[in-house]
Amino acid sequence: MRKSIGPKKIKTAVFISGKGSNLKNLIKFAKNKRYPFSVDLIFSNTKKAKGLRYSKIYKIKKKVICYDKKIKTDKKILKILTQKKIKLICLAGFMKILSKNFIKKFQGEIINIHPSLLPKYKGLNTHIRAIKNKEKFAGCTVHYVTSKLDSGKIILQKRVKISKKDNHFSLAKKVLKIEHLIYPAAIKKILN
Ligand code: GRF
């Protein structure tokens with residue numbers, strides 16, 4: 001991972017597919033000079049992603065490319081990322097799997113946030129599974145992206161207690177709150 005030197009911020013792209021609460025949170029942290037990154041591009045695989053609205057609100061360039069032809073799409077994105085000198089990719093609720101070639105080109109420079117205490121509960125429906133298994137704790141993890149789903153080296157992790165009253169909706173809310181704490185902290189950790 002390229003480190004940030006002096007006041008120069010590392011140019012970052014955030015990849016989303018949905019609501020974009022993590023995107024919004026990263027944009028806010030990036031404005032703080034103590035955080036060594038800037039959000040320069042919002043990428044989505046669908047124009048339905050609600051988070052795309054932050055492009056207009058915060059005047060950040062957005063790009064939507066549907067993922068019907070993966071290899072072609074990955075090539076197109078790579079071109080844009082190179083043009084914009086993007087050095088870090090943050091996946092935040094991005095629901096597509098990037099090609100091996102893409103991951104190789106950006107090795108060590110793509111990170112993801114996952115709503116579970118990895119290596120537990122890789123994949124989807126993490127909260128439903130954690131509650132069903134009567135786990136005492138849930139949480140979230142920021143990790144490097146490799147070609148194996150949710151398996152790259154862990155950067156930061158934080159846990160929350162699952163109370164008896166929790167259902168997967170309330171748990172998702174609790175976890176999202178701590179996601180918003182650890183994602184910017186994880187970026188700071190790898191760039192400083
Ligand atoms: C988060 O729970 C994240 O961990 C998961 O997808 C969700 C995205 O939420 N990968 P948002 O779009 O950032 O609000």
Side-chain angles (χ1 to χ4, degrees), residues 1-2 4 7-99 101-103 105-115 124 140-145 150 152 155-156 172-173 175-191:
M1 171 62 57
R2 261 155 267 220
S4 79
K8 226 174 163 210
K9 292 204 175 220
I10 296 286
K11 287 184 187 277
T12 301
V14 182
F15 283 29
I16 60 166
S17 302
K19 218 165 62 223
S21 72
N22 276 290
L23 162 68
K24 182 183 176 198
N25 181 60
L26 290 181
I27 295 171
K28 291 201 159 165
F29 272 87
K31 287 183 189 299
N32 183 324
K33 64 174 186 309
R34 281 181 296 145
Y35 283 78
F37 66 100
S38 56
V39 178
D40 298 275
L41 179 70
I42 299 167
F43 175 76
S44 172
N45 62 300
T46 165
K47 59 175 192 273
K48 289 190 187 138
K50 291 217 172 81
L52 283 170
R53 68 199 175 101
Y54 297 120
S55 156
K56 206 169 176 191
I57 298 175
Y58 294 103
K59 300 190 175 52
I60 297 168
K61 198 174 163 52
K62 68 169 179 210
K63 195 80 202 169
V64 180
I65 308 178
C66 294
Y67 248 69
D68 41 0
K69 289 184 190 123
K70 194 194 244 194
I71 305 273
K72 243 185 161 177
T73 308
D74 276 355
K75 276 193 179 149
K76 271 193 204 167
I77 311 171
L78 269 174
K79 206 172 152 195
I80 300 164
L81 295 173
T82 315
Q83 275 167 2
K84 292 197 76 61
K85 299 191 168 57
I86 299 293
K87 300 285 182 270
L88 174 68
I89 297 173
C90 298
L91 308 184
F94 185 61
M95 298 305 281
K96 292 282 174 188
I97 293 174
L98 299 162
S99 72
N101 179 51
F102 186 95
I103 294 171
K105 290 239 163 75
F106 262 86
Q107 199 143 38
E109 292 171 348
I110 312 176
I111 61 175
N112 180 43
I113 186 146
H114 183 75
L124 298 174
C140 52
T141 307
V142 179
H143 64 95
Y144 285 105
V145 171
D150 301 328
I155 301 164
L156 264 187
K173 261 194 184 167
V175 172
L176 199 59
K177 246 189 179 167
I178 56 167
E179 288 184 32
H180 294 167
L181 297 176
I182 69 160
Y183 214 170
I187 300 176
K188 203 172 178 190
K189 183 175 170 190
I190 60 172
L191 294 180

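Since the structure is predicted, the reported quantities are computational estimates derived from the model, not experimental observations. For this chain, numbers begin at 1 and follow the sequence in order.
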> With sequence neighbours excluded, what pairs up with Tyr35 under the ring pair (Phe, Tyr, Trp, His ring centres under 6.0 Å) test?
Replying inline: Phe29
Looking at [atom1] of [X] and [atom2] of [Y], how far apart are the two atoms once the value is rounded to the nearest 0.5 Å?
X: Asn32; Y: Phe37; atom1: CG; atom2: CZ; result: 9.0 Å
X: Cys140; Y: His180; atom1: SG; atom2: NE2; result: 9.5 Å
X: Lys189; Y: Ile182; atom1: NZ; atom2: CD1; result: 10.0 Å
X: Ser55; Y: Leu41; atom1: OG; atom2: CG; result: 9.0 Å
X: Phe106; Y: Leu81; atom1: CZ; atom2: CG; result: 4.5 Å
X: Arg53; Y: Lys24; atom1: CZ; atom2: NZ; result: 7.0 Å

May I ask you to test the [X]-[Y] pair for a side-chain heavy-atom distance under 4.5 Å?
X: Lys79; Y: Gln83; result: yes
X: Tyr58; Y: Val39; result: no
X: Phe43; Y: Ile86; result: no
X: Lys62; Y: Ser44; result: no
X: Lys84; Y: Lys11; result: no
X: Met95; Y: Leu124; result: yes
X: Asp74; Y: Tyr67; result: yes
X: Leu176; Y: Asn22; result: yes

Any donor-acceptor N/O pair, [X] side chain to [Y] backbone, under 3.5 Å:
X: Thr73; Y: Asp68; value: no
X: Lys70; Y: Ile97; value: yes
X: Lys9; Y: Ala30; value: yes

>> Can a side-chain donor-acceptor contact be found between Asn101 and Ser99 if the only test is distance below 3.5 angstrom?
In response: no
>> Among Thr46, Ile42, Leu91, Asn45, exactly one meets side chain to side chain contact (heavy atoms under 4.5 Å, CB included) together with Ile16. Which residue is that?
In response: Ile42
> More than 12 non-hydrogen atoms from neighbouring residues, nucleotides or ligands closer than 6.0 Å to CG on Leu181, yes or no?
Replying inline: yes
>> For Lys188, I'd like to know if atom NZ has over 12 heavy atoms of other residues, nucleotides or ligands within 6.0 Å.
In response: yes
> Yes or no on side-chain contact (heavy atoms from CB on, under 4.5 Å) for Ile60 and Val14, after CA distance, side-chain angles and deciding distance?
Replying inline: CA-CA 11 Å; Ile60 297 168; Val14 182; over 6 Å; no
>> Can you classify the ring geometry of Phe15 versus Phe94 as parallel (below 30°), tilted (30 to 60°) or perpendicular (above 60°)?
In response: perpendicular
> Could you walk me through whether Lys61 and Asp40 pass the side-chain contact (heavy atoms from CB on, under 4.5 Å) check?
Replying inline: CA-CA 7 Å; Lys61 198 174 163 52; Asp40 298 275; over 6 Å; no
> Where do Ala92 and Ile113 come nearest, in terms of heavy atoms and distance?
Replying inline: CA-CG2, 4.4 Å
>> To check you understand the geometry: which heavy-atom pair defines the closest contact between Leu156 and Ala186, and what is its length?
In response: CD1-N, 3.5 Å
> Which is it for Ile190 and Leu88 under the side-chain contact (heavy atoms from CB on, under 4.5 Å) test, yes or no, and what are the steps along the way?
Replying inline: CA-CA 10 Å; Ile190 60 172; Leu88 174 68; 4.2 Å; yes
>> Between Leu26 and Ile187, is the side-chain contact (heavy atoms from CB on, under 4.5 Å) condition met? List the steps.
In response: CA-CA 10 Å; Leu26 290 181; Ile187 300 176; 3.8 Å; yes
